[in-house]
Amino acid sequence: MLLTRSRYVSGRPGDQKPTENEGGHRVGAVLGTGRLVTVADRLGTPVPGWSVAAFRIAFGALVCFSSLRFLVRGWVDRLYLAPANHLTYAGFDWVRPLPGPAMYGLVIALAALGACIAIGFRTRLAAALFVAGFTYTELIDASLYLNHYWFVTLAAAWLVAIPPSGCASVDRGPGTVPTWAVWALRGQLAVVYVFAGIAKLNADWLLRAVPMRLWLPDRAGQLPLLGGLLEQVWVAYAMSWAGAAFDLTIVAWLLWRRSRPFAYGAVVAFHVATLMLFQIGVFGWVMIALTPVFFGPSWAQPLLRRVTRSPAPTGRPRVRTRPATLVALVAVALAQTVVPLRHLAYAGDVRWTEEGYYLSWRVVLTEKAGWLEFWVSDPATGETWLVRPTLVLEDWQARQAAIRPDLALTAAHLVADHYRELGRDVEVRADSWVSFNGRRRQRLLDPKVDLASHDRGITPFGFDASSFVLPLDPPVTE
Amino acid sequence: MKPRRLVAAVLVPMVLVACSGGGGTKRTDALADLADEYLVPAYGDLATATAELQTAVADLCARPADATLATARDELAGARGAWKRTEAARIGPDMARRSAEKIDWPIDSTRIDELLDSSTPSPLTAEVVGTQMSSALRGFGALEHVLFAPDALVGLQSPRTCEYVVAVAEVASAEATAVAAAWNTASGDEPAYRDTLAGVDDSKTADMALDDLINEALNLTERMTDIELRVVRGDGPEAPPPDPVDPDLLLSIAEGPAGLGVTDALDRIFGLRAVVVDGIGPLLDDDLLAQVTAELDAAQAAFESLGDSTLRDAASQQTSQVRVAFDALKALQVTLATEVVADLGVTVGFSDTDGDSAG
């Protein structure tokens with residue numbers, strides 16, 4: 001119906017000067033011919049593939065590095081192989097670690113797949129295999145869940161969906177990608193920031209400056225000159241408000257061309273600061289490396305053309321987005337909006353119950369210190385005895401179980417399984433205490449509930465927290 | 001205002017504020033006071049007490065008699081008490097040196113008896129005991145096993161037994177002296193641990209030391225409830241153990257033939273009070289400090305109510321007091337693990353791998 005691709009098919013694909021440089025911002029003007037313009041056409045309009053290529057290269061390099069780091073630090077053994085039990089996701093109990101050498105092989109393969117993605121070698125296949133392998137490793141133990149791993153999964157999935165451009169890539173391509181590809185990646189990053197910002201809109205964060213005022217004094221020693229500032233309460237307030245404002249508005253600043261360079265500078269400063277202050281692994285580097293996708297689709301062209309060959313044409317680029325693709329994009333956008341907010345449908349505060357925590361971009365938001373033991377009783381003999389979670393868990397798993405009710409529930413089931421193997425059908429009740437955001441400790445789990453007989457639900461669709469998690473008293477809003 | 005002055009007007013107050021600290025007691029000050037007023041003297045006491053123990057054991061072997069045996073037993077109790085009073089702060093040099101393996105470690109009494117009945121290795125010097133033998137064959141527990149045996153004086157008639165206890169005492173004394181020195185004296189590139197604890201060169205080391213102190217205090221209460229008291233509080237050895245550890249070993253850790261379990265507990269509570277209340281207390285919220293103090297008071301009162309009883313006797317004769325002691329220590333344990341940790345911010349609680357989730 002509407003053909004703007006003729007602008008791109010002359011000359012070498014990917015090298016042309018685009019008529020718009022905002023990944024579709026000015027498509028309407030370009031198409032201002034009086035014809036009916038559909039959303040499908042706009043999303044399908046080809047734009048130079050350089051920014052997506054830069055995203056792909058940075059992503060591949062980071063996941064390759066991250067996988068190698070996992071190996072070098074001995075985490076394959078410590079986190080996957082050494083534990084006698086894993087805190088599985090409800091509904092995914094069947095996911096178990098591979099035997100030792102195979103598990104190492106898988107992580108090495110993930111690093112290799114990251115390298116393939118970075119160089120653009122069979123990109124979609126490599127990304128698909130990466131998604132499968134990475135998701136598998138993430139499903140092994142819920143106590144290892146991190147929001148940025150979820151982001152990595154989604155970003156890799158987008159690289160499966162996006163047609164290869166051929167830019168800075170071994171794969172051949174037209175030098176362009178559909179407009180939706182650029183916006184999908186931008187949208188994925190935007191989701192992280194916006195929902196992280198929304199999560200900060202609560203009384204603790206804004207009115208009490210917690211947990212910042214708990215964390216910052218402990219970091220004072222890490223900044224030789226200005227470290228004393230971190231002990232000031234007003235600094236905690238300033239950083240809380242600045243953090244919320246950053247998360248909530250940075251996407252808008254990145255989208256506005258005039259403010260974009262400054263906004264990206266703020267992104268770098270923000271993540272470097274968090275990397276210095278908190279132990280957040282590669283998360284900050286991921287965001288710094290991938291956020292440039294907000295720049296125009298050709299921003300990386302001068303940089304990448306110096307070090308890579310130009311894309312080889314493979315045919316005419318698609319213009320109209322297929323209906324199935326459009327439906328899929330809408331569904332993904334809807335899901336990514338609803339899933340982080342699903343906790344609103346659950347009883348209780350998600351920060352306390354953790355019901356709705358997974359897949360929700362609730363990043364670096366709360367401070368919890370917990371204590372968990374189990375009272376185990378054998379109705380057949382009348383005996384009752386005390387059991388620590390470390391009977392069935394490693395220390396690092398037990399620490400997470402102490403503050404996350406779903407993991408405590410899983411741990412209780414493991415304890416029951418342990419005694420079942422010894423021929424005893426036991427009941428398991430929790431002695432569980434948590435100090436939340438600096439408050440005095442409260443009981444987290446109802447000590448009267450037999451957790452061994454409590455259904456675990458299906459992650460991430462909730463686990464009926466209100467039936468065994470005691471309410472936070474008083475609520476955070478008070 | 002010129003830009004340069006504007007920058008100065010903004011930066012100078014910030015730097016001044018930064019250098020002035022956050023008001024109230026600073027961590028480094030609190031830890032320096034803890035080191036100077038309690039920990040350094042306590043490790044000094046340990047060195048002195050073990051030296052006196054070494055002398056007493058040597059005298060005992062030179063002149064085996066009821067009087068010298070009684071003196072050696074008293075000195076052992078004194079040295080053991082000095083060690084237990086530092087147990088809440090088992091950080092720094094004694095952790096790095098693994099001093100407990102030479103001073104106080106769970107013993108294997110059967111192997112000790114076999115060693116004394118055999119002829120090898122010979123001679124049993126401090127060098128041999130300290131470097132070639134298992135930790136289960138040395139330390140206060142080994143001395144207790146020999147000195148508090150029913151026929152101790154008979155056993156000490158054996159030159160090999162005397163050779164052994166003198167060597168064990170010498171090893172313990174040398175280790176305690178080395179630890180005390182490390183707290184006070186720089187060695188090579190290593191500063192005195194007192195300065196590391198107080199963050200003299202780098203306040204980051206003080207932050208790390210504070211983390212270690214809280215964790216060690218917590219570990220100590222866990223050892224007391226999970227090991228010593230778990231069995232005697234009434235669960236009984238027939239109940240499944242909390243961890244896959246031999247219950248008989250737990251009992252041997254808890255109390256040897258000297259029956260010092262209650263004394264040990266009181267010495268440990270003394271050290272906990274010195275570290276958590278007197279040392280770290282100024283950094284805590286007032287209400288929280290009062291709570292910790294009350295919980296320690298309750299634990300101390302419960303153990304004092306056991307009088308001169310051994311833990312074994314208390315298990316059968318003073319069950320209710322033992323339960324009170326257990327509950328008081330458990331309450332302290334939970335307070336340390338939750339509220340004290342949160343109040344001090346000693347653990348942010350991110351994942352050990354790549355954290356983005358708090359807790």
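Chain letters run A, B, ... following the sequence lines, proteins first and then strands; every chain starts at 1.
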Heavy-atom distance under 4.5 Å to chain A: side chain of L218(B), backbone, both or neither? side chain
What is the minimum heavy-atom distance between A342(B) and G438(A), and which atoms define it? CB-CA, 4.3 Å
Can you measure from CG (L344(B)) to CG (L214(A)) and round to the nearest 0.5 angstrom? 10.0 Å
Apply side-chain contact (heavy atoms from CB on, under 4.5 Å) to the pair Q442(A) and T338(B), showing each step before the final yes or no. CA-CA 9 Å; Q442(A) 296 183 31; T338(B) 58; over 6 Å; no
Taking E339(B) first and then R439(A), would you say they form a salt bridge - that is, a charged N and a carboxylate O separated by under 4.0 Å? no
Based on non-hydrogen pairs under 4.5 Å, which of P211(A), A402(A), G370(A) is most in contact with chain B? G370(A)
Would the number of heavy atoms belonging to other residues, nucleotides or ligands and lying under 6.0 Å from CZ of R98(B) be above 12? no
Can you tell which part of T335(B) gets under 4.5 Å to a heavy atom of chain A, answering side chain, backbone, both or neither? both
Residues W371(A), K330(B); criterion side-chain contact (heavy atoms from CB on, under 4.5 Å); working and verdict: CA-CA 11 Å; W371(A) 175 263; K330(B) 183 62 74 177; 4.1 Å; yes
Quick one: what part of L210(B) sits under 4.5 Å from any heavy atom of chain A, side chain, backbone, both or neither? neither
Would F326(B) and L386(A) count as a side-chain contact (heavy atoms from CB on, under 4.5 Å) here? Give the steps. CA-CA 12 Å; F326(B) 178 89; L386(A) 195 60; 3.9 Å; yes
